[in-house]
Amino acid sequence: GAGVSQSPSNKVTEKGKDVELRCDPISGHTALYWYRQSLGQGLEFLIYFQGNSAPDKSGLPSDRFSAERTGGSVSTLTIQRTQQEDSAVYLCASSQGGGLGKTQYFGPGTRLLVL
Amino acid sequence: AQRVTQPEKLLSVFKGAPVELKCNYSYSGSPELFWYVQYSRQRLQLLLRHISRESIKGFTADLNKGETSFHLKKPFAQEEDSAMYYCALSGNTDKLIFGTGTRLQVFP
């Protein structure tokens, strides 16, 4: 079946602009995660959704970052007033449900470059 | 605090040599540990996790709570094992805490 998909695959924007990144999880997966992969920082957790609610937003680096999930499916990560340090690969993952030990399946990522 | 440490950024070996990718963690409770792999131009995927106690592609990893380690081992490396390997921890929440990764290069 189809895996996790993300769009766009690449995004170049100018400092100060807003961007939206989209994630389509695997059908039926109730849990959805956003991570950021940047040089020298490895993979950082950003936010986790269970259904449409976000019980853990602890990784969002600033109030410029927000995310929502509608219909228990698609999620959008929004970065307002982008800065150069926001340049990174943004990864989305989904799993069958919350709870420990559920395998997370990752999307291909969106590569964001802020000029 | 939850933390995962992978001390080696790069590990280079010749085909047929043994491989050990190191992973140490910091967590006060009972963690679940994972190894994820990213091959060139492919997405991140699960390689194995400690609760399964399985061997995938010849790789094994044993959780050592005394040493807080979860090292990944393979007795005979293959060229197709060349990839980026990430150790990850899941504590009392569902998020994964990743190490910075180790790039494994296997030369012919």
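Order of the sequence lines fixes the chain letters, A, B, ..., with proteins taken first and strands second; residue numbering starts at 1 for each chain. The basis for the numbers below is simple: all heavy atoms, side chains too, and nothing from hydrogens, waters or symmetry mates.
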Quick one: does B/R43's side chain have a donor or acceptor within less than 3.5 Å of a partner on A/G3's backbone? no
Kindly check if the number of other-residue, nucleotide or ligand heavy atoms within 6.0 Å of OH (B/Y25) is above 12? yes
To the nearest 0.5 Å, what is the distance between CG (B/L46) and CZ (A/F106)? 9.5 Å
Contact class of A/Q37 relative to chain B, heavy atoms under 4.5 angstrom: side chain
Is a side-chain donor or acceptor of A/Y35 paired with a backbone partner of B/L96 at a separation under 3.5 angstrom? yes
Pick from A/G107, A/G42, A/G59: which one has the most heavy-atom pairs with chain B under 4.5 Å? A/G107
Apply side chain to side chain contact (heavy atoms under 4.5 Å, CB included) to the pair B/F34 and A/T103, showing each step before the final yes or no. CA-CA 9 Å; B/F34 305 80; A/T103 299; 5.5 Å; no
Is it the case that atom CD in B/E80 sees more than 12 heavy atoms from other parts of the structure closer than 6.0 Å? yes
B/Y85 and B/V13: same hydrophobic cluster, using ILVMFWY side-chain contacts below 4.5 Å? yes
Establish whether B/L104 and B/V37 are linked, either directly or via other cluster members, by ILVMFWY side-chain heavy-atom contacts under 4.5 Å. yes
Inter-residue atom distance B/L44.CG - A/Q104.CD, 0.5 Å rounding: 9.5 Å
Measuring heavy-atom distances to chain A, does B/Q38 have an atom under 4.5 Å in its side chain, in its backbone, in both, or in neither? side chain
If hydrophobic clusters are built by linking Ile, Leu, Val, Met, Phe, Trp and Tyr wherever their side-chain heavy atoms come under 4.5 Å apart, do B/Y39 and B/F59 end up in the same one? yes
With the 4.5 Å side-chain cut-off for hydrophobic clustering, are B/Y86 and A/Y33 part of the same group? yes
